[in-house]
Protein chains: 2
Amino acid sequence: MADGRTGETDAEAPVLPLHQRIRADIEAKILSGEWPPGHRIPFEHELTRQYGCARMTVNKAIAALAGAGLIERRRRAGSFVAQPHLQSAVLEIPDIREEVTRRGESYGYELIARRLRRPGEGDPVDLAGTGVALLDLTCLHRANGRPLALEERVISLAAVPEAAEVDFAATPPGSWLLGHVPWTEAEHRISAIAANVRMASALDLPRGAACLVLERRTWRGADTITVVRQVFRGDLYHLVAHFSPQGPHGRPDSPAD
Amino acid sequence: MADGRTGETDAEAPVLPLHQRIRADIEAKILSGEWPPGHRIPFEHELTRQYGCARMTVNKAIAALAGAGLIERRRRAGSFVAQPHLQSAVLEIPDIREEVTRRGESYGYELIARRLRRPGEGDPVDLAGTGVALLDLTCLHRANGRPLALEERVISLAAVPEAAEVDFAATPPGSWLLGHVPWTEAEHRISAIAANVRMASALDLPRGAACLVLERRTWRGADTITVVRQVFRGDLYHLVAHFSPQGPHGRPDSPAD
DNA sequence: TATTCCATTATGTCTACGCATAATCGCAGG
DNA sequence: CCTGCGATTATGCGTAGACATAATGGAATA
């Protein structure tokens with residue numbers, strides 16, 4: 001029963017709440033370039049008349065745009081289209097297993113080494129210094145049987161004591177942690193290196209071949225949870241990042257703000 | 001209600017609007033792990049009583065959290081702490097000139113080639129097919145005199161006709177475009193390759209050395225604006241990405257909900 | 001027992017208003 | 001002519017209500 005007024009090319013805009021409609025309208029004007037950076041958008045008061053609604057409704061729309069960084073608001077002066085700042089984009093950092101299976105390839109996993117130890121000097125994982133507290137893991141991810149990435153990981157058992165009991169020979173630590181550690185912060189470092197002997201043999205590459213390296217530190221509050229270094233075969237893997245003014249979470253049809 | 005209890009360690013919270021305070025409170029509970037994923041957060045009604053404010057105020061706070069992806073809302077059921085999805089992070093993709101000077105190094109730039117041409121078959125920049133329309137640029141970025149990145153770029157003159165007049169021997173095209181092209185979308189591809197002969201000689205590297213490659217396509221609407229491929233010396237450059245639940249734009253003290 | 005229907009309930013959206021705050025403009029006075 | 005003060009004004013923040021919507025649990029019914 002898709003009749004009605006679905007004569008447009010857009011099939012998924014049934015009735016869209018008003019404040020989202022206002023937001024979308026303004027967003028479209030900005031993205032199309034019709035309103036260039038620096039342009040003053042209509043006052044809330046004007047939009048209020050234009051859409052025949054209360055100011056709070058207009059405010060919600062504009063506040064959301066400001067939150068997304070598309071516009072800047074200055075008291076008394078008005079709201080202005082912001083300068084684009086392309087310097088941030090959303091990087092997709094999928095779980096390797098998920099990524100491989102999503103590409104329709106068969107995922108293989110292999111635990112190479114597992115070691116329990118005390119934190120040493122200069123160890124990247126700082127502990128509240130109590131006894132045995134670190135779990136070192138080395139493992140290999142395969143796609144269609146071919147080595148894809150070599151992963152070296154340190155897990156803080158002080159932060160995640162349950163990890164000591166997990167059989168990481170069967171479960172990739174990344175996947176397990178994602179499901180068992182709530183809401184953390186993380187910092188990533190992406191670089192390219194030439195494979196050393198160890199990497200080359202693990203990844204079935206000639207020595208010196210280019211590899212993509214993703215290093216990640218994950219923490220919550222002051223506690224570092226895990227530090228991981230994933231070395232990908234440069235010829236088999238790449239990362240993808242996307243920039244759109246919506247930001248990473250704000251799907252345009254999001255019910256929130 | 002807002003009991004005047006500002007004796008905390010936080011020195012930068014003078015009077016923080018109420019809806020931001022509510023948001024911050026909930027956010028803290030989630031990030032600390034006190035409220036794990038799946039936990040039901042208090043109903044708006046409860047928070048209304050707890051903070052002694054109107055429901056709209058609570059709603060603004062919770063809606064912002066939902067927009068940031070920290071919580072999920074289900075009618076009738078309540079609002080729940082969402083599962084963390086680490087797979088997206090904010091990648092800093094600075095203008096190279098800016099990045100180099102920010103590191104306190106001297107920036108050098110050199111235009112290697114400039115060519116005007118018609119779009120060819122399979123060219124990544126699709127045009128509304130009118131005559132001469134593409135500008136090919138090859139240039140080199142230096143840090144402290146040493147080659148840092150080799151950049152190959154195609155600019156669509158149909159989308160940015162002014163670019164034909166610009167002296168790209170003096171201005172890096174990335175910087176110029178940032179300042180002259182408003183609000184676009186972009187997609188990035190990050191990979192590692194071994195330097196071929198041309199890259200090696202331009203970057204003063206041995207052949208086969210590992211390089212970090214950043215490819216970016218930028219468009220607005222249906223028009224591709226520019227396609228760029230930056231090859232960085234792997235030993236001199238890396239990218240940094242950061243994940244925090246605020247999202248990329250939503251600084252916690254943002255005035256917008 | 002299984003199924004349908006309805007009352008309950010929490011969120012989604014919106015209105016109409018109010019006060020607070022800060023930036024700008026214009027006017028008056030030195 | 002320059003300076004400083006106040007009026008104006010747009011945004012920021014918040015209240016107290018209202019109706020709509022959808023999902024849930026339980027009651028009534030087949």
Side-chain angles (χ1 to χ4, degrees), chain A residues 13-26 35 38-82 250-257, chain B residues 1-4 13-26 35 38-82 250-257:
Chain A
V15 68
L16 213 61
L18 184 51
H19 72 87
Q20 284 183 35
R21 252 185 51 106
I22 299 175
R23 174 181 173 167
D25 286 354
I26 297 175
W35 289 352
H39 180 268
R40 210 213 71 216
I41 74 173
F43 296 124
E44 291 192 355
H45 192 47
E46 288 183 66
L47 291 170
T48 283
R49 276 191 298 106
Q50 201 169 315
Y51 286 92
C53 66
R55 203 167 72 98
M56 198 67 178
T57 307
V58 168
N59 185 17
K60 252 200 169 183
I62 299 190
L65 285 171
L70 264 175
I71 66 176
E72 281 176 12
R73 315 195 72 178
R74 292 209 308 271
R75 284 196 133 99
R76 153 83 214 211
S79 302
F80 300 84
V81 176
R251 335 128 195 80
D253 57 341
S254 164
D257 74 333
Chain B
M1 63 180 67
D3 48 331
V15 67
L16 213 61
L18 185 51
H19 72 88
Q20 284 183 34
R21 252 186 51 109
I22 299 176
R23 175 181 172 165
D25 286 355
I26 297 175
W35 289 351
H39 180 268
R40 209 212 71 216
I41 74 172
F43 297 124
E44 291 191 356
H45 200 329
E46 289 182 67
L47 292 171
T48 282
R49 277 191 296 106
Q50 202 169 313
Y51 286 91
C53 65
R55 198 167 75 97
M56 199 65 178
T57 307
V58 168
N59 186 14
K60 254 199 168 183
I62 299 190
L65 286 170
L70 264 175
I71 65 175
E72 281 175 13
R73 315 197 71 177
R74 292 209 309 271
R75 283 196 135 99
R76 153 82 214 213
S79 301
F80 299 83
V81 177
R251 335 118 192 89
D253 58 341
S254 164
D257 63 332

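Here the structure is a predicted model, which means the values were calculated and not measured. Note on naming: letters A, B, ... go to the chains in the order of the sequence lines (proteins, then strands), and numbering restarts at 1 for each one. Side-chain atoms are counted along with the backbone in the values below, which use heavy atoms only and exclude waters and symmetry mates.
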Nucleotide nearest A:Leu18 when distance is taken to its side chain, options D:dT11, C:dC14, C:dT11: C:dC14
List for me each residue that meets salt bridge (Lys or Arg N to Asp or Glu O under 4.0 Å) alongside A:Arg74, sequence neighbours excluded, and say none if there are none. none
What is the separation between atom CZ on B:Arg21 and atom C1' on D:dG12, rounded to the nearest whole Å? 18 Å
Considering the terminal five base pairs at each end of the helix from C:dT1-D:dA30 to C:dG30-D:dC1, what angle separates the two local helix axes, rounded to 10°? 0°
Rounding to a whole Å, what distance do you find between A:Arg75:CZ and D:dA10:P? 14 Å
Which one, D:dA10, C:dA22, C:dC14, comes nearest to the side chain of A:Phe43? D:dA10
CG of A:Leu47 to SG of A:Cys53, rounded to nearest 0.5 Å, is 8.0 Å
Which value, rounded to the nearest 0.5 Å, describes the distance between B:Met56 atom CE and B:Glu44 atom CD? 10.0 Å
Rounded to whole Å, how long is the line connecting atom CG of B:Leu47 with atom C1' of C:dT11? 13 Å
Considering just the side-chain nitrogens and oxygens of A:His45, establish if one lies under 4.0 Å of OP1 or OP2 belonging to D:dT9. no
Rounded to the nearest angstrom, tell me the gap between atom CD1 in B:Ile22 and atom C1' in D:dT15. 13 Å
For the atom pair CZ (B:Arg23) and CD1 (B:Ile71), what is the distance rounded to the nearest 0.5 Å? 9.5 Å
Of the non-hydrogen atoms in A:Gly38 and A:Phe80, which two are nearest, and what is the gap between them? O-CD2, 3.4 Å
Quick one: is C:dT13 close enough that its OP1 or OP2 comes under 4.0 Å of any side-chain N or O from A:Gln20? yes
Side chain of A:Arg74, base of C:dT24: donor and acceptor closer than 3.5 Å? no
Do B:Ile22 and B:Tyr51 have side chains that approach each other closer than 4.5 Å (heavy atoms only, starting at C-beta)? yes
Round to a whole Å and report the spacing from NE2 of A:His19 to C1' of C:dC14. 9 Å
Separation of D:dT11 atom C1' from A:Glu46 atom CD, nearest Å, is 14 Å
Pick the nucleotide of DNA chain D nearest each of B:Thr57 and A:Ala77; which residue has the one closer to the 5' end? A:Ala77
Are any protein N/O atoms closer than 3.5 Å to N/O atoms in nucleotides 3-7 of chain C? If there are, list each pair with its distance.
none

What's the closest nucleotide to the B:Asn59 side chain, out of C:dT13, C:dT15, D:dG12? C:dT13
For A:Ser79 and for A:Met56, locate the closest nucleotide of DNA chain D by heavy-atom distance; then report the residue assigned to the nucleotide nearer the 5' terminus. A:Ser79
Checking only heavy atoms, does the side chain of B:Arg73 share a donor-acceptor pair with the base of C:dT11 at less than 3.5 Å? no
pair A:Leu65-A:Ser79: side-chain heavy atoms closer than 4.5 Å: no
Give, for atom CZ of A:Arg73 and atom CG of A:Asn59, the distance between the pair rounded to the nearest 0.5 Å. 5.5 Å
Record whether the side chain of A:Arg55 comes under 3.5 Å of the base of D:dG12 through a donor-acceptor pair of N or O atoms. yes
Rounded to the nearest 0.5 Å, how far apart are CD1 of A:Ile62 and CZ of A:Arg55? 9.5 Å
For A:Lys60 and C:dT15, what is the distance between atoms NZ and C1' respectively, to the nearest whole Å? 13 Å
Quick one: which of C:dT15, D:dG12, D:dC13 gets closest to the side chain of A:Glu44? D:dG12
In whole Å, I'd like the distance from the CD atom of A:Glu72 to the C1' atom of C:dA23. 16 Å
Any non-hydrogen side-chain atom of B:Leu70 less than 4.5 Å from a side-chain atom of B:Ile26? no
